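Structure, as structure tokens:
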Amino acid sequence: KRHYKDLDVLIPEQLHAVTSDGQLTIVDYERYQTVKASPEEAISLLKDDKLHRWMKSANVELPMMALLNNYDGQVWRVNEMVQMLSNQDARHGLVREVVEFAVESHQSGIVVDFESIPDQTQANFREFVSELGSALHAVGLKLMVELPARDDAYDYKFFGKECDAIVLLNFDQHWVSSPPGPIAAQDWFVENLHQVMQQVPAQKIVVGVANFAYDWPRKDDKTWASATEFSVQEALLHAYESETDIDFDDASLNPRYSYVDENNHEHQVWMLDAITGYNQLRASERLDVQGTMLFRLGHSDTSIWRIWD
């Protein structure tokens, strides 16, 4: 809230495609409900969420591009997404409703974030993006698609042509279900940019810069359990309360620390903070990309706003 004036565009998680018929869905996180809704009903429901209530009370207007994903508030609906993308009628129905929502709610465009797309569904996903892009461009709106870094299953060149920009999610070098390690080592981060720029012009790339922490616990059998994601502030507070020092890893330029919990289990914590944000922001700027996206609001190091420009 304190830094809304620093944002060029806000990408709120508003729209969901979690059923095989392509019906637009809204997740009400306050009432823990997932409801199918027409574009008109979706606009009415979203006007009552925390974001819009605050914007109204503070008399704030922000340019927005609604995020469309396949998350139902609890799990990623992969099977339903696959079925929807393979059904032309379902795809076309979702495109119509998304475009109507974007127009009627005065969005600048739409950002698509479909997760865990199987290789055999990539062609149908490209069809959907092409159809949605054409429909949005016909009414003067933009389309961006979030894509993971360094994943050969995705046709980066295609998405660069069809979309106004790809959002390269340039993190998760080590992820929730992997062993512990840097979330985005600086060399790895820069190499990903060089690789994608071989297929997509720099001015069609928005770089996703992460700012959060992963905490991996070691299990009794000495293997690593899945990590828990924390905000940077939570991780810093926990390090302080655990009386442990934060080490800046020389190889990755990512901060890390370890501790032992009350059950005598070792934990490793890796994070991306304002320092890594500065390094990654400047590396992106030197390559003249279209822009950068902070992932994600509410989890970032509060001091990052001093250098985010």
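The figures that follow rest on heavy atoms only: side chains count, while hydrogens, waters and symmetry mates do not. In this text the structure is predicted, and so the values were computed from the model without any measurement.
- Residue pairs meeting the salt bridge (charged side-chain N to carboxylate O under 4.0 Å, His left out) criterion with at least one member in residues 186-195, sequence neighbours excluded, do not occur.
- Residues Trp175 and Ser177 have side chains that bring a donor and an acceptor to within less than 3.5 angstrom of each other.
- For Lys157, there are no salt bridge (charged side-chain N to carboxylate O under 4.0 Å, His left out) partners, not counting sequence neighbours.
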List the steps and the verdict of side-chain contact (heavy atoms from CB on, under 4.5 Å) for Thr34 and Asp28.
CA-CA 6 Å; Thr34 302; Asp28 184 340; over 6 Å; no
Start with the C-alpha distance between Arg96 and Glu100, add both sets of side-chain angles, then the distance that settles side-chain contact (heavy atoms from CB on, under 4.5 Å), and finish with yes or no.
CA-CA 6 Å; Arg96 285 193 301 270; Glu100 182 179 342; over 6 Å; no
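- Considering only residues two or more places apart in sequence or on other chains, Glu97 meets the salt bridge (charged side-chain N to carboxylate O under 4.0 Å, His left out) condition with none of them.
- Hydrophobic side-chain contacts under 4.5 Å tie Leu253 into a cluster, directly or through other members, with Phe248, Ile275.
- In terms of heavy-atom proximity, Leu68 sits nearest to Phe128 at CD2-CZ, 4.0 Å.
- Looking at Ser252, its side chain does come within 3.5 Å of a backbone N or O of Asn254 through a donor-acceptor pair.
- Contacts classified as salt bridge (charged side-chain N to carboxylate O under 4.0 Å, His left out) and involving residues 65-78 (residues at least two apart or in different chains) are given here: Asp72-Arg77, Arg77-Glu80.
- Side chains of His16 and Asn70: no donor on one and acceptor on the other come within 3.5 Å.
- The shortest heavy-atom contact between Ala185 and Gln173 is N-OE1, 2.9 Å.
- Residues Asp49 and His52 bring a donor and an acceptor atom of their side chains to less than 3.5 Å of each other.
- Residue pairs that meet the salt bridge (charged side-chain N to carboxylate O under 4.0 Å, His left out) test with at least one member in residues 209-231, sequence neighbours left out, are Arg218-Glu266, Glu229-Arg296.
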Name each donor-acceptor pair under 3.5 Å that joins a side chain in residues 56-67 to protein atoms two or more places apart or in another chain, with its distance.
| from | atom 1 | to | atom 2 | distance (Å) |
| --- | --- | --- | --- | --- |
| Ser57 | OG | Arg53 | O | 3.3 |
| Ser57 | OG | Trp54 | O | 2.9 |

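- The distance from atom NE2 of His3 to atom CG of Leu7, rounded to the nearest 0.5 Å, is 9.5 Å.
- Summarising the geometry, atom CG belonging to Asp249 is positioned 4.5 Å from atom CZ belonging to Arg256; distances are rounded to the nearest 0.5 Å.
- In terms of modelled atom types and a separation under 3.5 Å, the side chain of Trp216 and the main chain of Ser178 share a donor-acceptor contact.
- Sorted by first and then second residue, the ring-ring contact (aromatic ring centres under 6.0 Å, His included) pairs involving residues 139-165 (not counting sequence neighbours) are Phe125-Phe159.
- In the hydrophobic clustering, where aliphatic and aromatic side chains (Ile, Leu, Val, Met, Phe, Trp, Tyr) are joined below 4.5 Å either directly or transitively, Val269 groups with Val232, Leu236, Ile246, Tyr257, Tyr259, Met271.
- Using a 3.5 Å distance cut-off with no hydrogens or angles, the side chains of Gln122 and Asp155 do not pair a donor with an acceptor.
- When all heavy atoms of Asp288 and Ala202 are compared, the closest pair comes out as O-CB, 3.5 Å.
- Sorted by first and then second residue, the pairs that involve residues 116-136 and meet salt bridge (charged side-chain N to carboxylate O under 4.0 Å, His left out), not counting sequence neighbours, are Arg91-Glu131.
- Evaluation of the ring-ring contact (aromatic ring centres under 6.0 Å, His included) test over residues 60-87, restricted to residues two or more places apart or in two chains, returns Tyr71-Trp76.
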For residues 164-172, dump all side-chain donor-acceptor pairs below 3.5 Å to protein atoms at least two apart in sequence or in another chain.
| from | atom 1 | to | atom 2 | distance (Å) |
| --- | --- | --- | --- | --- |
| Asp164 | OD2 | His137 | NE2 | 2.7 |
| Asp164 | OD2 | Leu143 | N | 2.8 |
| Asn170 | OD1 | Asn192 | ND2 | 2.8 |
| Asn170 | ND2 | Phe189 | O | 3.0 |
| Asp172 | OD1 | Tyr214 | OH | 2.8 |

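- Between the side chain of Thr276 and the backbone N or O of Asp273 there is at least one donor-acceptor pair closer than 3.5 Å.
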